[in-house]
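All values below were derived from every heavy atom in this structure, side-chain atoms included, with hydrogens, water molecules and symmetry-related copies excluded.
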Amino acid sequence: MPPQPQDLTIPARDGFPLAARLFPAERPRAAVMISSGTGFPLGFYDRFARHMAGRGLTALTYDFRGIAGSRPDDLAAMEMDYPDWGRLDMPAALDALAEAAPGLPIGHVGHSVGGHFAGFMDNHARIDRHAFVSVGSGYWGKHHRSYNPLELFFWFGFGPLDLARRGYVKSGRLWRGADLPRGVFETWRRWCLNPRYFADELEGRLAPNRFAEVTAPIRSWIFTDDPIANPRTGPDMLAIYPHAPSEIVLRRPGDYGVARIGHEGAFRRGLEPLWDEIADWLVEPAERRPT
């Protein structure tokens, strides 16, 4: 019987308690940290993480501060900024995984914003390679036109109204992710209305950061029916990691025998062949890896 997942609490860099789940591999050959997209709870990645563990990769999922299991009782009173996920939460999750899987090479799977924030990590060098999944700039003007009305209403209508009423953005019919803290929504909105997303802020408001120091290879999976992470926005995100060898792999839903992938479907049932692609790349023998 394979080892059972273990629920953990990880102290972030500032001590904030983060909910996490470890999926030990029976005979581990590597480890993988799975960083979620905005508003996706760690449980969303359970099936994917179990698959990784079955392939010999001890996997760790976790909730960013303010999200799901890492949500404080009074979300409206929470003081934080969006980049805290990269500066304070991701490094702590990586340290916890390294402690749980000593001596193993560590890969990183970043879904959406999980791939945006690796350059804020003070310990990013512990990661051997990054698998980005549906990672593209959040700038609305490069998203599919059919998606623009919904996101503009979210930025200018629904989100601000919810902040005024509740002090946070509540999960519901329009926003189906977890409740969002004010500090996430307001910074995310500012970036998504800027054609350069957060690239303009790297030398000012977002300094210090380590995007230019990241040299671990990045392979970015983009899907043809994703209105957000697409062939226009995917390269924009890779450009903020100027010294990391990178490539984009463009896939269609039909490549995996499914009707839809979109922005979140890569982690749903039926995409196991994609998961195998990711696992194979993360554990590719060292002699085949680019230098």
Side-chain angles (χ1 to χ4, degrees), residues 35-40 64-67 75-76 78-87 89-90 110-120 132-209 211-212 220 222-223 225-242 248 262-264:
S35 298
S36 62
T38 303
F40 288 90
F64 289 124
R65 67 185 58 209
I67 301 299
L75 190 60
M78 185 179 195
E79 295 185 5
M80 62 156 293
D81 197 4
Y82 204 15
D84 291 345
W85 289 359
R87 290 193 172 117
D89 299 351
M90 292 174 70
H111 176 212
S112 193
V113 80
H116 295 192
F117 285 176
F120 289 121
F132 285 0
V133 180
S134 298
V135 174
S137 165
Y139 173 55
W140 74 273
K142 288 189 176 182
H143 297 166
H144 195 278
R145 286 179 295 176
S146 65
Y147 190 68
N148 292 162
L150 179 64
E151 57 188 330
L152 290 176
F153 176 65
F154 182 67
W155 298 131
F156 290 103
F158 178 84
L161 179 62
D162 244 18
L163 289 185
R165 291 174 59 196
R166 298 186 173 90
Y168 62 92
V169 177
K170 185 172 177 57
S171 176
R173 292 182 63 186
L174 179 63
W175 171 249
R176 297 188 178 183
D179 295 345
L180 292 181
R182 177 184 295 274
V184 169
F185 177 84
E186 291 183 337
T187 298
W188 190 20
R189 178 184 187 272
R190 183 179 76 245
W191 294 347
C192 289
L193 298 178
N194 185 337
R196 287 179 48 76
Y197 194 46
F198 63 64
D200 285 343
E201 299 184 10
L202 290 177
E203 295 184 5
R205 195 169 190 162
L206 295 179
N209 61 75
F211 287 91
S220 180
I222 298 290
F223 308 103
D225 65 335
D226 186 342
I228 300 170
N230 57 49
R232 298 177 68 196
T233 63
D236 288 347
M237 288 311 305
L238 293 180
I240 70 168
Y241 297 95
I248 286 179
H263 193 61
E264 80 294 330

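Taking 4.5 Å as the limit, every side-chain heavy atom of Thr233 sits out of range of all side-chain heavy atoms of Val135. In this structure, the side chains of Pro231 and Ile248 stay at 4.5 Å or more apart for every pair of heavy atoms. Side-chain contact between Ile67 and Pro181 is present, with at least one heavy-atom pair separated by less than 4.5 Å. The shortest distance between side-chain heavy atoms of Glu79 and Asp84 does not fall below 4.5 Å. Side-chain contact between Pro195 and Tyr139: present, with at least one pair of heavy atoms (C-beta onward) separated by less than 4.5 Å. Contact of the Tyr241 side chain with the Phe132 side chain is registered, since non-hydrogen atoms from C-beta on lie closer than 4.5 Å. The shortest side-chain heavy-atom distance between Leu174 and Phe153 falls under the 4.5 Å cut-off. Side-chain contact check for Tyr168 versus Asp162: every heavy-atom pair is 4.5 Å or farther apart.
In this structure a side-chain-to-backbone donor-acceptor pair under 3.5 Å is missing from Asn209 to Gly119. Side-chain atoms of His111 come within 3.5 Å of backbone atoms of His263 as a donor-acceptor pair (strictly under, hydrogens ignored).
Between Arg65 and Asp89 a salt bridge is recorded (basic side-chain N to carboxylate O distance below 4.0 Å).
Between Phe198 and Phe211, the ring centre distance stays below 6.0 Å. For Phe185 and Phe154, the distance between ring centers is under 6.0 angstrom.
Remark: Trp155 CH2 to Trp188 CH2 distance equals 4.5 Å, nearest 0.5 Å. Here Arg166 contributes atom CZ and Arg182 contributes atom CZ; the two are 13.0 Å apart, rounded to the nearest 0.5 Å. The CD atom of Glu264 sits 13.5 Å away from the OG atom of Ser36 when rounded to the nearest 0.5 Å. In this structure, CZ in Arg190 is found 10.5 Å from OH in Tyr197, a value given to the nearest 0.5 Å. Taking OG of Ser137 as the reference point, atom CG of Leu238 lies at 11.5 Å (rounded to 0.5 Å). Between the CD atom of Glu151 and the CZ atom of Phe158 there is a distance of 15.0 Å, given to the nearest 0.5 Å.
The nearest pair of heavy atoms linking Ser171 to Ala178 is CB-C, 4.2 Å. The minimum heavy-atom distance linking Ser134 with Ala229 is given by the pair C-CB, 3.3 Å. Contact detail for Ile240 and Ala199: the closest heavy-atom pair is CG2-CB, 4.4 Å.
Side-chain atoms of Thr38 and Tyr82 include a donor-acceptor pair closer than 3.5 Å.
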